[in-house]
Amino acid sequence: MKFSPNYNIIEELKWRGLYHQSIPGTEELLMEEMVSGYVGFDPTADSLHIGNLVPIILLVHLQRAGHKPYALVGGATGMVGDPSGKKAERQLLSIEEIQHNLNAQKKQLEQFLDFDCGINSAEVVNNFSWFEPMSFLEFIRDVGKHISVNYMMAKDSVKNRLEEGMSFTEFSYQLVQGYDFYYLWKEKNIKLQMGGSDQWGNIVTGTELIRRKGEGKGFSLTAPLITKSDGSKFGKSEGGNVWLDPSKTSPYEFYQFWMNTSDDDAERYIKIFTLHQKAYIDNLINQHKETPHLRFLQKELAGFITQWVHGEEGYKTALSASDILFGKATAASLRELSESDFFSIFNGVKNKEVTDIDGINIVEMCADTGFLASKSEAKRALQENSVSVNSEKVTEEFIFSNTDLINGKYILLQRGKKNKFIIIKN
RNA sequence: GGGGAGAUACCAGAGCGGUCAAAUGGGGCAGACUGUAAAUCUGCUGCUUCGGCUACGUAGGUUCGAAUCCUACUCUCCCCA
């Protein structure tokens, strides 16, 4: 039976801004037959973060177009450490840590792909399974022999580190990843590797290995690095990563991260991070331009991804929390919330339990609960007139009393618009 | 192994005996304006019982007084073998 894809994936990726480059012939291949393609994930932490979303979305598009996606978790490559884009040698993780991280990531990957849809069901593979039984001698003889040091040295990931220095371990990384591609090509008929543009060098080492050792052809496709219009790094918030794991980044924080996208970025991100049709998106962008203050793009973007990652339930809580915190939130409306509503809405906002609040000064409260770093900082914040209690601005002289407790139990502290903290009396 | 340079707050980087809790820039936080946007402008950015206290790689020393001078140590970078 002749294969015909559901859509031209390369064209799709291009208009979405998800296409950077590919090996010639990749588009033709994808139009002709059902292709098995894979993306590798590094087990550096026990959760994926939003920087991993782009490679995941590449797999999603691959599957939606009718091809077969594989997610490779890097049990072996994680032990070596990818030097791409790194300024300094990486700290090695223990085998136990890698194993733990891998299992967590595997679970997360499973929610994005369809593992039960017949012939093009997704699969997860772990490169530890083929590297573990392989001996060092076997590797340098059968793999290393095909790739010259000159070739490896020419890679940006290596060149950029020649001044600083780089261990043999990280130098070998591209060979290890390259062998993955060769192995999958040979054993599972996987012809395509995808990834971020920073992976180009590693991917090409793989196609080179396939050509020299296997006398075959591997294909590749990369997505551009996601940038922010102000030049700062995408995917960080308050200096930390934005994780997919709700215990590391709550649905509320996750939703807020996307809500805070600037207009310029939102227009690009809505194409990249949602699966909406082109016409729908164009329409949304136009609407947004007419009434930018309504933040259509940010709401749709944040809503779509939050639902995808955290489900309907997580999205709803994030949404109602945001409505209350950024909407009309007056002391009165806060007090109207039932206790269970309050806690489900503020799940994810930092909090601290205290035994007594009556008669305590605002400065002490801010510092002692850890909301602000020190009394000095609390005083400064109060002088800036940036602190509010239950959505009402307060001054340095403010003293808490039991009547400030909402439902006799909790108090909402804020510094500025975006810093929130809850005090719970028990 | 030999020679040289350096280590200052979140980062970069000035200061080279008192007036230094330390210039300036970046980052961060807040205020104004707004749309939870961008840009812009403004303020803040060690702790404190508000008396002070602790801080310029570490440990000593000189001095009325040290980030600044001396000694040793640790670490980093560069050049030569």
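Letters A, B, ... mirror the listed sequences (proteins, then strands); counts begin at 1.
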>> Applying side chain to side chain donor-acceptor pair (under 3.5 Å) to A:D180 and A:Q177, what does each step give before you reach the verdict?
In response: CA-CA 5 Å; A:D180 280 343; A:Q177 184 171 331; over 6 Å; no
> Given the C1' atoms of B:A23 and B:A14, what is the spacing between them in whole Å?
Replying inline: 6 Å
> Closer to the 5' end of RNA chain B via nearest nucleotide, is it A:E384 or A:R295?
Replying inline: A:R295
>> Can you check the distance between B:U8 and B:U42, where both ends of the measurement are the C1' atom (answer in whole Å)?
In response: 29 Å
>> Would you measure the distance from the C1' atom in B:A55 across to the matching atom in B:A67 and give it in whole Å?
In response: 10 Å
> Between A:N385 (CG) and B:U42 (C1'), how many Å, whole number?
Replying inline: 14 Å
> What integer distance in Å separates A:R415:CZ from B:A30:P?
Replying inline: 6 Å
>> Closer than 3.5 angstrom, by distance alone: can the side chain of A:N361 be matched with the main-chain N or O of A:E396 as a donor-acceptor pair?
In response: yes
>> Between B:A66 and B:C78, how many Å separate the two C1' atoms, rounded to a whole number?
In response: 30 Å
> How are the rings of A:Y179 and A:Y183 set to each other: parallel, tilted or perpendicular (split at 30° and 60°)?
Replying inline: tilted
>> Need the pair for B:C69. Rule: Watson-Crick or G-U wobble, both distances under 3.5 Å, any strand; none if unpaired.
In response: B:G61
> If the sugar-phosphate is the primed atoms plus P, OP1 and OP2 and the base is the rest, what is the B/S/- string for nucleotides 46-51 of chain B, using protein heavy atoms under 4.0 Å?
Replying inline: -SBSB-
>> I'd like the P distance from B:U68 over to B:G57, given in whole Å.
In response: 8 Å
>> From the set B:A38, B:G35, B:U34, return the single nucleotide nearest to any side-chain atom of A:S262.
In response: B:A38
> So what does A:Q256 touch, heavy atoms closer than 4.0 Å: a base, only the sugar-phosphate, or nothing?
Replying inline: base
> Relative to the 5' end of RNA chain B, which residue comes earlier, A:K393 or A:L294, by the nucleotide with the nearest heavy atom?
Replying inline: A:K393
> Hey, are the side chains of A:S374 and A:K379 touching, using non-hydrogen atoms and a 4.5 Å cut-off?
Replying inline: no
>> Taking B:U24 as the reference, what is the distance to B:C69 when you measure between their C1' atoms (whole Å, please)?
In response: 27 Å
>> Can you tell me if A:K393 has over 12 outside heavy atoms packed within less than 6.0 Å of its NZ?
In response: yes
>> Using every non-hydrogen atom in the two residues, find where A:S262 and A:Q298 come nearest and quote the distance to one decimal.
In response: C-NE2, 3.9 Å
> Below 4.0 angstrom from OP1 or OP2 of B:A30, is there any side-chain N or O of A:N419?
Replying inline: yes
